Amino acid sequence: MEKQTNGKTRTNDEEKIQESHEAQANMWKFVFGFTEMAVIKCAIELGIADFLEKNQEPISLNQLSIALGCCSSSLYRILRFLINSGIFKETSTKSGKSGYVQTPLSRLLIKEGENSMAAFLLFESSPVMLAPWHNLSARISSKDNSTPAFEAAHGKDVWKYAEADPKHSNLLNNAMACDARIAVSAIIDGCPEIFKGVNTVVDVGGGDGTTLRLLVEAFPWINGINFDLPHVASVAPHAIGVVHVGGDMFNYVPKADAAFLMWVLHDWSDEECIQILTKCREAIPQDNGKVIILEAIIGEKEENIIRGSNNKKLKDVGLMLDMVMMAHTSNGKERTTNEWAYVLNEAGFNRHTISHINAVQSVIQAYPS
């Protein structure tokens, strides 16, 4: 009996030691967690993925360093790190030397790629967007949220900052356009029926108009109204079937069969969302109009952070996005199904449906009657 007890004691001790070692290893990853974002940003700025995409065969380190004008030894270390992260792949060239090729992940770093996420990473890794994270604890310490992290870092909220800084505004618009290309493609593939019988669509907070341009290309019967703040709408590029209108969604929304909002409402508090949604309800026909919302819907349980996602690796993204909202907006947050139901009901929408697509966001359709 004593031996069994001692055996159990040794086993428990061994488990505790193993748990301690694993905890330390995980903590080191947290300590240097910024490294992946920083090195991927470096790869985008160097144009590694762009060059490899143009050359469909393995490229040696010497060829790549000459083409990019880089220090060969430093580039090797960057590539070694990124290969370990599964971003690029090492293989043999025709001459038998070590070479580098693309992976599905690295193709997302091509600056002008169809499904590129490069612009989004460049935006989130910019000094402007990183600075508020250093003020997150100050915001939490303020019990009434009177010290938003972004304002503490820059003296104004994210929208006023973008209005005053055209370069940053361009970064923001490029990031949103980057996400729009991915999300709209998922809508077209997953639930194109939502635009059946919809002749006019107003994209509220539509940025540079990428979303509407893609929707009009897919559904050519749609007439699009790209609605955003005047400093955004005034520089939006021309697109067939789309008109750009400047204004404030808290004051009014242009009339249309359907109002479309993608990653807009998560920037605002419940009260502000209700104001925006009310203006959208007033802009659409009360008998057959609708509001189409693309947002992440976080689950109530840890194992299902993003509801309906086809990709289990997205389960953490909802909570990450919620932290981004806390760092970058004054009152924004990600919402559960119950929280979405609350703001929609308060804004006068009697019913709504939720469709899950192959993206971070789900599609919510809200009807006034």
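Atom set for the values below is all heavy atoms of this structure, side chains included, hydrogens, waters and symmetry mates excluded. Everything numeric here is computed off the predicted structure, so don't read it as measured data.
With Leu265 as reference, Ile276 is the one residue of Ile276, Val204, Ile274 to meet the side chain to side chain contact (heavy atoms under 4.5 Å, CB included) rule. The ring-ring contact (aromatic ring centres under 6.0 Å, His included) test with His328 singles out one residue from Trp159, Trp133, Trp263, and that residue is Trp133.
Between Cys70 and Leu46 the shortest side-chain heavy-atom distance falls below 4.5 Å. Counting heavy atoms from C-beta outward, Lys290 and Ile194 have side chains that approach closer than 4.5 Å. Under the 4.5 Å side-chain criterion, counting only non-hydrogen atoms from C-beta, Asp208 is in contact with Pro237. Asp157 is listed as a side-chain neighbour of Lys160, based on a closest heavy-atom distance under 4.5 Å. Looking at Phe120 and Asp179, their side chains come closer than 4.5 Å, going by heavy atoms from C-beta outward. For the pair Val39/Ile78, a side-chain contact is recorded, criterion being any heavy-atom separation below 4.5 Å from C-beta on. Side-chain contact between Val201 and Ile225 is absent, with no heavy atoms from C-beta onward closer than 4.5 Å. Using a 4.5 Å cut-off on side-chain heavy atoms (C-beta onward), Ile364 and Val291 make no contact.
Under the 3.5 Å distance criterion, the side-chain polar atoms of Glu36 are left unmatched by any main-chain donor or acceptor of Gly33. Without hydrogens or angle criteria, Ser141 side chain to Ser137 main chain gives a donor-acceptor distance under 3.5 Å. A donor-acceptor pair under 3.5 Å links the side-chain atoms of Glu339 to the main chain of Thr336, judged by distance alone. Of the possible donor and acceptor atoms, none in the side chain of Ser85 sits under 3.5 Å from a partner among the backbone N and O of Ile87. Between the side chain of Ser106 and the main chain of Thr103, a donor-acceptor pair closer than 3.5 Å is present. A donor-acceptor pair under 3.5 Å is absent between the side-chain atoms of Asn115 and the main chain of Ile182, judged by distance alone.
Separation of atoms CG (Asp203) and CG (Leu215) is listed at 7.5 Å; rounding is to 0.5 Å. Between the CD1 atom in Ile354 and the CH2 atom in Trp340 there is a gap of 9.5 Å [rounded to 0.5 Å]. To the nearest 0.5 Å, atom NE2 of residue His266 and atom CG of residue Asp322 are 10.5 Å apart. A distance of 10.5 Å separates CG of Leu171 from CD of Glu124, quoted to the nearest 0.5 Å. Taking CD1 of Ile40 as the start and CD1 of Ile48 as the end, the distance is 11.0 Å to the nearest 0.5 Å. Interatomic distance, Ser116 OG to Leu121 CG, rounded to the nearest 0.5 Å: 9.5 Å.
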Glu114 vs Arg181, salt bridge (charged side-chain N to carboxylate O under 4.0 Å, His left out): CA-CA, chis, key distance, verdict:
CA-CA 7 Å; Glu114 182 179 353; Arg181 286 188 288 270; over 6 Å; no
Decide side chain to side chain donor-acceptor pair (under 3.5 Å) for Glu163 and Ser169; before the verdict, give the C-alpha distance in whole Å, the side-chain angles of both, and the deciding distance to 0.1 Å.
CA-CA 7 Å; Glu163 184 176 3; Ser169 180; over 6 Å; no
Step by step, work out the side chain to side chain donor-acceptor pair (under 3.5 Å) result for Ser269 and Glu272.
CA-CA 5 Å; Ser269 68; Glu272 290 165 323; 3.0 Å; yes
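With respect to the salt-bridge test (charged N to carboxylate O, under 4.0 angstrom), the residues Lys255 and Glu282 do not qualify. Ion pairing between Glu151 and Lys156 fails under the 4.0 Å rule for side-chain N and carboxylate O. A salt bridge between Asp270 and Lys333 is present, with a side-chain N of the basic residue lying under 4.0 Å from a carboxylate O of the acidic one.
By the criterion of side-chain heavy atoms lying less than 4.5 angstrom apart, applied directly or through intervening Ile, Leu, Val, Met, Phe, Trp or Tyr residues, Tyr367 is not grouped with Ile292; the two fall into different hydrophobic clusters. At a threshold of 4.5 Å between side-chain heavy atoms, the hydrophobic network of Ile, Leu, Val, Met, Phe, Trp and Tyr places Leu64 and Val101 in two separate groups. Residues Val232 and Tyr252 fall into different hydrophobic clusters, defined by Ile, Leu, Val, Met, Phe, Trp and Tyr side chains chained together at heavy-atom separations under 4.5 Å. Ile284 and Val264 fall within a single hydrophobic cluster, where Ile, Leu, Val, Met, Phe, Trp and Tyr side chains are chained together by heavy-atom contacts under 4.5 Å. Note on Val198: it clusters hydrophobically with Ile357, by side-chain heavy-atom contacts below 4.5 Å among ILVMFWY residues.
The other members of the hydrophobic cluster of Trp28, by chain and number, are Met27, Phe30, Val31, Phe32, Phe34 (side-chain heavy atoms under 4.5 Å, ILVMFWY only).
In this structure, His168 has its ring center closer than 6.0 angstrom to the ring center of Tyr161. Less than 6.0 angstrom separates the ring centroid of Phe219 from the ring centroid of Phe195. Aromatic pair Phe227/His244: centroids not less than 6.0 angstrom apart.
Residues Gln365 and Ser355 have side chains that never bring a donor and an acceptor to within less than 3.5 angstrom of each other. For Gln18 and Glu22, the side-chain atoms include at least one donor-acceptor pair closer than 3.5 Å.
Every residue two or more places apart in sequence or in another chain that forms a side-chain contact (heavy atoms from CB on, under 4.5 Å) with Asn288 is listed here: Pro285. Scored by the side-chain contact (heavy atoms from CB on, under 4.5 Å) test, Glu217 finds Arg213, Leu214 as partners (sequence neighbours excluded). Legend: residues meeting side-chain contact (heavy atoms from CB on, under 4.5 Å) with Ile66, ordered by chain and number and at least two apart, are Asn62. When the side-chain contact (heavy atoms from CB on, under 4.5 Å) test is applied to Asn55, the partners found at least two apart in sequence or on another chain are Phe51, Ile59. Residues satisfying the side chain to side chain donor-acceptor pair (under 3.5 Å) criterion with Arg281, sequence neighbours excluded, are absent altogether.
In this structure, Lys41 places its NZ atom where more than 12 heavy-atom neighbours from other residues, nucleotides or ligands lie under 6.0 Å away. Within a 6.0 Å radius of OH in Tyr76, other residues, nucleotides and ligands contribute 12 heavy atoms or fewer. Counting heavy atoms of neighbouring residues, nucleotides and ligands inside a 6.0 Å radius, atom CD of Glu112 does not exceed 12 of them. For CE of Met129, the number of neighbouring non-hydrogen atoms (other residues, nucleotides, ligands) closer than 6.0 Å is greater than 12.
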